[in-house]
**Student:** 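Shown below is the structure under consideration.
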Amino acid sequence: QVQLEESGGGLVQAGGSLRLSCAASGRTFSSNVMGWFRQAPGKEREFVAAIMRSGSIINYRAYADSAKGRFTISRDNAKITVTLQMNSLKPEDTAVYYCAAGPSGDYRDWRNYAVWGQGTLVTVSS
């Protein structure tokens, strides 16, 4: 059973930064695609970023428009961790952030992911 555990959430002022981490544990874990999603109160879970091997690109990164230029996703295969560096945070970034692995289809669709962490809360004050 593969488990994912997020850490690094917290309270930050607008314009500040946070670094989220996702650690995988359990049986041998191998997933080409790792993603970050978020869910704000009363809203649907939405795609934030993903990292994967695509063709000759070992670490192809994809971002939601809301994350481009501010967030950076990275992966350490040796430690089986995925991080999300979030800069220039805005109040609208407030949400529970989840990491996920192993999508069966479109990596931007949260419904395609089988493995999830428990989430970490990010609160950005204005």
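Values reported hereafter were calculated over all heavy atoms of this structure, with side chains retained and with hydrogens, waters and symmetry mates removed. The shown structure was predicted, so the numbers you read here are calculated from the model rather than taken from an experiment.
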**Student:** What's the spacing between Asn87 CG and Thr72 OG1 if we round to 0.5 Å?
**Tutor:** 6.5 Å
**Student:** What distance do Met52 atom CE and Ile58 atom CD1 have between them, rounded to the nearest 0.5 Å?
**Tutor:** 14.5 Å
**Student:** When the aromatic ring centroids of Tyr113 and Tyr98 are compared, is their separation below 6.0 Å?
**Tutor:** no
**Student:** Taking the side chain as every heavy atom from C-beta outward, state whether Arg70 and Ser17 have any atom pair closer than 4.5 Å.
**Tutor:** no
**Student:** Can you tell me how far CD1 of Ile51 sits from OH of Tyr107, rounded to the nearest 0.5 angstrom?
**Tutor:** 12.0 Å
**Student:** Please tell me whether Leu121 and Phe37 are part of a single hydrophobic cluster in this structure, the criterion being side-chain heavy atoms less than 4.5 Å apart.
**Tutor:** yes
**Student:** Does a donor on one side chain and an acceptor on the other come within less than 3.5 Å for Trp110 and Glu46?
**Tutor:** no
**Student:** Between Arg19 and Met86, is the side-chain contact (heavy atoms from CB on, under 4.5 Å) condition met? List the steps.
**Tutor:** CA-CA 6 Å; Arg19 184 180 179 88; Met86 305 187 295; over 6 Å; no
**Student:** Answer yes or no: is there a side-chain heavy-atom contact under 4.5 Å between Leu4 and Gln118?
**Tutor:** no
**Student:** Taking all atoms of both residues into account, what is the closest heavy-atom pair of Val48 and Tyr97, and its distance?
**Tutor:** CG2-CE2, 4.3 Å
**Student:** Would you confirm whether Asn112, through its side chain, and Asp106, through its main-chain N or O, come within 3.5 Å as a donor-acceptor pair?
**Tutor:** yes
**Student:** Out of curiosity, Cys22 SG to Glu5 CD, how far, rounded to the nearest 0.5 Å?
**Tutor:** 9.0 Å
**Student:** Cys99 and Glu6: which non-hydrogen atoms are nearest, and at how many Å?
**Tutor:** N-OE2, 2.9 Å
**Student:** Is the closest basic N to carboxylate O distance between Lys90 and Asp93 below 4.0 Å?
**Tutor:** no
**Student:** Answer with yes or no whether the hydrophobic clustering places Val33 together with Tyr60; edges join I, L, V, M, F, W, Y residues whose side-chain heavy atoms lie under 4.5 Å apart.
**Tutor:** yes
**Student:** Before giving the answer on side-chain contact (heavy atoms from CB on, under 4.5 Å), spell out for Asn59 and Arg75 the whole-Å C-alpha distance, their side-chain angles and the decisive distance to 0.1 Å.
**Tutor:** CA-CA 8 Å; Asn59 286 315; Arg75 173 163 61 186; 3.7 Å; yes
**Student:** Between Leu18 and Gly8, what is the shortest heavy-atom contact and its length?
**Tutor:** CD2-O, 3.8 Å
**Student:** Looking at Ala95 and Ala40, what are the two nearest heavy atoms and their distance?
**Tutor:** CB-N, 3.8 Å
**Student:** Which heavy-atom pair separates Leu84 from Ala49 by the least distance, and what is that distance?
**Tutor:** CD1-CB, 4.1 Å
**Student:** Taking atom types as modelled, is there a side-chain donor on Ser21 or Thr81 under 3.5 Å from an acceptor on the other?
**Tutor:** no
**Student:** Any side-chain heavy atom of Ile73 within less than 4.5 Å of one from Val82?
**Tutor:** yes
**Student:** When you measure from the centre of the six-membered ring of Trp116, is the NZ or CZ of Arg45 closer than 6.0 Å and no more than 45° off the axis?
**Tutor:** yes
**Student:** Regarding Arg111 and Asp109, does a basic nitrogen lie under 4.0 Å from an acidic carboxylate oxygen?
**Tutor:** yes
**Student:** Identify the heavy atoms of Gly9 and Leu20 that sit nearest to each other, and give their distance.
**Tutor:** N-CD2, 3.6 Å
